[in-house]
There are 2 protein chains.
Amino acid sequence: MDVDEAAARLLDTAERLFYERGVHNVGMDDLRSAAGVSLKRVYQCFPSKEDLVVAYLRRRHGWWMGSLRAYVAEHGQDVLAVFDWLDRWFREPGFRGCAFVNSVGELGATCPAVVDVALEHKRALRSYLGELADRAGIAGSHLALLVEGAISMAAVGGEPSAAQHARQAAEELLS
Amino acid sequence: MDVDEAAARLLDTAERLFYERGVHNVGMDDLRSAAGVSLKRVYQCFPSKEDLVVAYLRRRHGWWMGSLRAYVAEHGQDVLAVFDWLDRWFREPGFRGCAFVNSVGELGATCPAVVDVALEHKRALRSYLGELADRAGIAGSHLALLVEGAISMAAVGGEPSAAQHARQAAEELLS
DNA sequence: TACCGTAGAGAACGACCGTTCTCCGCCGCA
DNA sequence: TGCGGCGGAGAACGGTCGTTCTCTACGGTA
């Protein structure tokens with residue numbers, strides 16, 4: 001197996017395991033065996049666990065924003081489509097809230113790189129939501145509040161309906 | 001020092017350290033020395049770290065809800081006072097988001113007791129917000145979304161102004 | 001065939017952590 | 001004074017984890 005494939009497999013596995021269990025609950029050996037990559041390769045691709053965590057978050061940022069953008073674009077850039085996308089996300093098996101919020105809660109105090117990636121993610125999200133909001137005539141910060149609130153409620157409340165409630169609130173704010 | 005004082009000191013210290021650094025980043029020995037309690041006493045009061053974590057969350061729940069309720073009561077049960085209280089909380093030094101969200105992100109996958117306490121907390125909060133919302137004529141779920149969203153944005157965005165934006169959104173929903 | 005760089009498997013290392021155990025000094029009591 | 005229980009300090013234990021090292025097998029090249 002060459003380096004690129006090993007790195008890809010590791011990132012796949014890291015994204016799944018870190019998100020499922022939290023970073024502290026996944027050892028390098030768990031990753032190694034789940035990804036089917038030798039430990040030597042692991043450290044060739046990512047010199048430390050922290051590097052792997054940061055790479056995981058960057059990749060997840062790309063997937064998350066990409067998926068949201070694509071869905072909203074398919075629905076005519078309708079700002080309310082954001083909440084439909086959230087609804088689908090919340091109902092996915094294994095949904096465990098925002099990976100960035102979770103990682104900052106776990107590692108933020110000791111690992112500034114994680115905080116940086118999370119900040120970058122949230123800034124990008126808010127900037128994108130700001131664009132959608134401007135077109136629709138709603139305050140960008142209000143839209144962002146509803147989105148973040150829905151994620152938080154779905155995560156620890158276990159209430160996937162949070163997306164629908166947030167959609168209703170957004171409709172009220174639009175009118 | 002008797003058992004009760006030792007337990008109280010431990011809880012004080014646990015609340016501070018666990019919240020500041022995250023649970024995994026605080027060892028029993030850190031707690032012991034910061035609280036000035038012998039290790040034997042620690043395990044007399046709390047048979048395991050998990051017990052201490054649960055006790056910490058329960059205590060924080062009491063403090064948090066009590067402080068919010070008291071503030072809102074002082075301000076004539078005005079639903080908007082919730083956001084003023086949040087604003088003050090966000091600006092406290094050492095603010096690091098919702099202790100329950102952080103703990104679930106860190107331990108939720110391995111420790112059901114933590115998930116239970118967090119659920120209990122969120123249910124109590126939503127029930128309280130529901131009462132306030134009913135009186136004011138706004139949907140309880142919308143109010144809860146704004147509150148959760150503000151906490152989340154202030155936590156990882158580092159934007160204490162989230163409380164003010166949420167207040168504005170609530171005012172719009174009220175009118 | 002002889003050689004060399006590389007890769008994989010997994011042992012080994014050092015640090016840390018939750019928990020338990022040992023030792024010693026102190027106090028009340030006969 | 002002698003004794004027995006209690007508390008504190010911290011050593012010790014067992015396990016885990018991140019990281020490095022060792023050993024062996026293999027494939028390409030002269």
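Only a predicted model underlies this, so the values are computations on that prediction, with no experimental measurement involved. Lettering of chains follows the sequences in order, A, B, ..., and the numbering in each one begins at 1.
- Identified under the side chain to side chain donor-acceptor pair (under 3.5 Å) test for residues 105-131 of chain A, with sequence neighbours left out: His61(A)-His121(A), Lys122(A)-Glu148(A), Arg126(A)-Glu148(A), Arg126(A)-Glu159(B).
- Note on residues 160-170 of chain B: pairs passing side chain to side chain donor-acceptor pair (under 3.5 Å), not counting sequence neighbours, are Asp84(B)-Arg167(B), Asp87(B)-Gln164(B), Arg167(B)-Glu171(B).
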For this session: Run the numbers on Val42(B) and Leu31(B) for side-chain contact (heavy atoms from CB on, under 4.5 Å), then give the verdict.
Result: CA-CA 9 Å; Val42(B) 173; Leu31(B) 284 164; 6.0 Å; no
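- Using a 4.5 Å cut-off between side-chain heavy atoms of Ile, Leu, Val, Met, Phe, Trp and Tyr, Val156(A) falls into a hydrophobic cluster with Val101(A), Val101(B), Val156(B).
- Partners of Phe83(B) under the ring-ring contact (aromatic ring centres under 6.0 Å, His included) rule, at least two apart in sequence or in another chain, do not exist in this structure.
- Within the structure, side chain to side chain donor-acceptor pair (under 3.5 Å) pairs that include any residue of residues 93-105 of chain A do not occur (at least two apart or interchain).
- Pairs passing the salt bridge (Lys or Arg N to Asp or Glu O under 4.0 Å) check and including a residue from residues 36-51 of chain A, sequence neighbours excluded, do not occur.
- By the salt bridge (charged side-chain N to carboxylate O under 4.0 Å, His left out) test, Arg9(A) is found to be paired with Glu5(A), residues two or more places apart in sequence or in another chain being considered.
- Summarising the geometry, the separation between CZ on Arg41(B) and C1' on dC21(C) is reported as 17 Å, rounded to the nearest angstrom.
- Listed in residue order, the members of residues 5-21 of chain B having a heavy atom less than 4.0 Å from DNA chain C come to none.
- For Val79(A), the side-chain contact (heavy atoms from CB on, under 4.5 Å) criterion is met by Leu132(A), Ala136(A), Leu143(A), Leu174(A), not counting sequence neighbours.
- Applying the salt bridge (Lys or Arg N to Asp or Glu O under 4.0 Å) test to every pair with at least one member in residues 64-78 of chain B, sequence neighbours left out, gives no pairs at all.
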Problem set entry | Reading 5' to 3' through nucleotides 17-23 of chain D, protein heavy-atom contacts under 4.0 Å coded B for base, S for sugar-phosphate only, - for none | -SBB---
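- Comparing the start and finish of the helix from dT1(C)-dA30(D) to dA30(C)-dT1(D), five pairs each, the helix axis swings through 30°, to the nearest 10 degrees.
- To the nearest angstrom, C1' of dT19(C) lies 14 Å from CG of Leu31(B).
- The CZ-P distance, from Arg32(B) to dG8(D), rounds to 11 Å in whole Å.
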